[in-house]
2 protein chains.
Amino acid sequence: MNTLSVRSDVVFNPSMSNTDRHGLIAKTVRDSGGATVQELAELTGASEMTIRRDLDTLATQGVLERVRGGARTLLLRGEEPPFALRAQDAVDAKRRIAAEVAALIADGESVLLDSGTTCLEVARILRERHVTVMPLSLQAIRLLGETPGHADLLMPGGRPRAAEGALTGPLALASLAALRFDTAVIGCCGLSAADGLTAYDLDDAAVKKAGIASARRVVLAADGGKLGRTAHAHVGPATLLHTLVTDTTASAEEVDALEAVGSNVKIV
Amino acid sequence: MNTLSVRSDVVFNPSMSNTDRHGLIAKTVRDSGGATVQELAELTGASEMTIRRDLDTLATQGVLERVRGGARTLLLRGEEPPFALRAQDAVDAKRRIAAEVAALIADGESVLLDSGTTCLEVARILRERHVTVMPLSLQAIRLLGETPGHADLLMPGGRPRAAEGALTGPLALASLAALRFDTAVIGCCGLSAADGLTAYDLDDAAVKKAGIASARRVVLAADGGKLGRTAHAHVGPATLLHTLVTDTTASAEEVDALEAVGSNVKIV
DNA sequence: TGATTTCAAACATCATTCGTGTTCGTTAGA
DNA sequence: TCTAACGAACACGAATGATGTTTGAAATCA
């Protein structure tokens, strides 16, 4: 919220790990829209040279934009926050949601796994389970394709969208049309009883729609921040969902409204 | 060949890096079919504990099989050598072949990239080029899917075969049927003028066949050891190939025979 | 069963790598 | 032109990884 209060928490904290510092820098730049190298050096207690290196790293990761003298946020009104940035948000809630989603899936099932950070956490859990998984993002494919784990991997086709690695396009749609799944685990950018399920990207929305159509059961994994929000691309009405898993930050009215239209809501 | 000559090269060489040692262990076990921990410790000058750790590592990588007291080769007559093992062979030749193959490809082309170690080297080069690439193995997808590089990635569907990560099955075939490529870079297990192109695995052969059918031009990347050999699964006649890139270890008679049936052969 | 070998966990040691800060010459903007 | 910002180069300390030794458990063989 307030940059000053953040500062007072951490000034003169010499035992800050580089990961902590990166997080703090990212948060500061995001909250205030931008920061100078000097400010960040003072804020974190690190040298300016270290801050410059941090900013280069974070810029490479797509967390922020490097400008002369400091860094600027990548967030613009109405645009989807970059993947690398969202991945840091609400990690705990996402993990809990993912655990609950995984608990809904029985051994032997075939599972369609949407793109997005929450679904990536689901992949991390399903990797150790005896299930067949088709992931719709490069990140999840990388995770499941590496040696350990018991899950059977099924690859969809498609063109990966930059950064996020979500698979879209005719090849992805064709892969989905050719298969049927026991469960589709879907993520979204917005969900409300009024506007239904929405995504930031048209291609993404088309893939989600096809995924939902190819599954016997649809589980939506969405942290509380997604509820009541509406993004640009419409996927379908909330009645398409069989189960919604969200966390305690979800607005109670929205949950009630969704339950009223027939969704089974689980709050973790 | 001869274990003793190998030993005399390296005994009492204390400045051996762990990678060197791993290579020597792998080679020794492969050449002699197996070795004890004691032998390997004496051979490399490392302690038995270190050898055990090495063997565990190599076993996890699929290079050899751990047995009580030592390790055994995974190579059995008639079986395809494991991917992790082949990947260490003739790295230099594969690199040179890959460079030549990449030189045949112009910017802007769409390229189909087969599975296999040589094609993986091609992927490493194409990553920096302005081309559209559809790789048929998880390894290459991982390589191309990571952030750097200019190449456009197109994902095929399919089921990855264990270890090697080659994509096969109806989804892979459907992805290929839906597209046309400027160039298909194909690997193989055997090639001869008489028996044509062959692979170890039926599913693999079907994918190669579909890939060849979907490309305007077919480039085969095969080190010299593949020429004159025949594997179980038939892909098609050598006349399907437009260009063959191989290395100087290729048998001259086989090269002549292939040129006689119309192939354009490049030796690097 | 008992003896012997093999194994793996735990700890110590050493080399290497990584992160960081400082300095200094260069570069980009005002 | 002048000044702040930058990045390359070096130095230093901490963290990490590789290795060897010891020790007790487990597996194999007689």
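Because the structure is a prediction, the values reported are computed rather than measured. Below, each value reflects all heavy atoms present in this structure, side chains not excepted, and no hydrogens, waters or symmetry copies. Below, chain A is the first sequence line, B the second, and so on; all start at residue 1.
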Engineer: What distance do L126(A) atom CG and D152(A) atom CG have between them, rounded to the nearest 0.5 Å?
Structural biologist: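 Rounded to the nearest 0.5 Å, the CG-CG separation comes to 12.5 Å.
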Engineer: Check the phosphate of dC7(C) against R52(B), side-chain N and O only, distance under 4.0 Å to OP1 or OP2. Yes or no?
Structural biologist: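 Affirmative; the distance criterion is met.
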Engineer: Could you check whether any side-chain heavy atom of V133(A) comes within less than 4.5 Å of a side-chain heavy atom of L144(A), counting everything from C-beta outward?
Structural biologist: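 Yes. Closest side-chain heavy atoms under 4.5 Å.
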Engineer: Measure from CD1 on I51(A) to C1' on dC6(D) and round the result to the nearest Å.
Structural biologist: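 To the nearest whole Å, that distance equals 15 Å.
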Engineer: After noting the C-alpha distance and the side-chain angles of L40(A) and D54(A), does the key distance pass the side chain to side chain contact (heavy atoms under 4.5 Å, CB included) rule?
Structural biologist: CA-CA 10 Å; L40(A) 293 169; D54(A) 288 344; over 6 Å; no
Engineer: Rounded to the nearest Å, what distance is computed from the CD atom of residue E48(A) to the P atom of nucleotide dG21(C)?
Structural biologist: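 So the two atoms are 11 Å apart, to the nearest Å.
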Engineer: Please walk me through it: do S115(A) and D204(A) pass side chain to side chain contact (heavy atoms under 4.5 Å, CB included)?
Structural biologist: CA-CA 9 Å; S115(A) 55; D204(A) 241 4; 4.2 Å; yes
Engineer: To the nearest angstrom, how far is R21(B) atom CZ from dA15(C) atom P?
Structural biologist: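 The distance from CZ of R21(B) to P of dA15(C) comes to 16 Å, rounded to the nearest Å.
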Engineer: Starting from C1' on dT20(C), measure out to CD1 on I25(A) and report it in whole angstrom.
Structural biologist: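 Nearest whole value for this atom pair: 13 Å.
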Engineer: Between the side-chain atoms of R53(A) and the base atoms of dG21(C), is any donor-acceptor pair under 3.5 Å?
Structural biologist: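 Flag set: donor-acceptor pair detected.
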Engineer: Over how many whole Å does the gap from E42(B) atom CD to dG20(D) atom P extend?
Structural biologist: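 Atom CD in E42(B) sits about 15 Å away from atom P in dG20(D).
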Engineer: Of the nucleotides dA9(C), dT27(C), dG21(C), which has the atom closest to the S47(A) side chain?
Structural biologist: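 Selected nucleotide (nearest to the side chain): dG21(C).
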Engineer: Look at Q38(A) and dA4(D) and indicate whether a side-chain polar atom (N or O) is within less than 4.0 Å of OP1 or OP2.
Structural biologist: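 So the side chain of Q38(A) is outside the cut-off, no N or O lying under 4.0 Å from OP1 or OP2 of dA4(D).
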Engineer: Using whole Å, what does the distance between atom C1' of nucleotide dC7(C) and atom CG of D54(B) come to?
Structural biologist: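 In whole Å, dC7(C) C1' and D54(B) CG are 15 Å from each other.
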Engineer: Between L40(A) (CG) and dC6(D) (P), how many Å, whole number?
Structural biologist: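 Nearest whole value for this atom pair: 11 Å.
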Engineer: Nearest to the side chain of D56(A) - dC6(D), dG7(D), dC7(C)?
Structural biologist: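 Closest of the options to the side chain of D56(A): dG7(D).
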Engineer: Which is more 5' along DNA chain D, the nucleotide nearest R68(B) or the one nearest M49(A)? Just name the residue.
Structural biologist: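 Residue closer to the 5' terminus by nearest nucleotide: M49(A).
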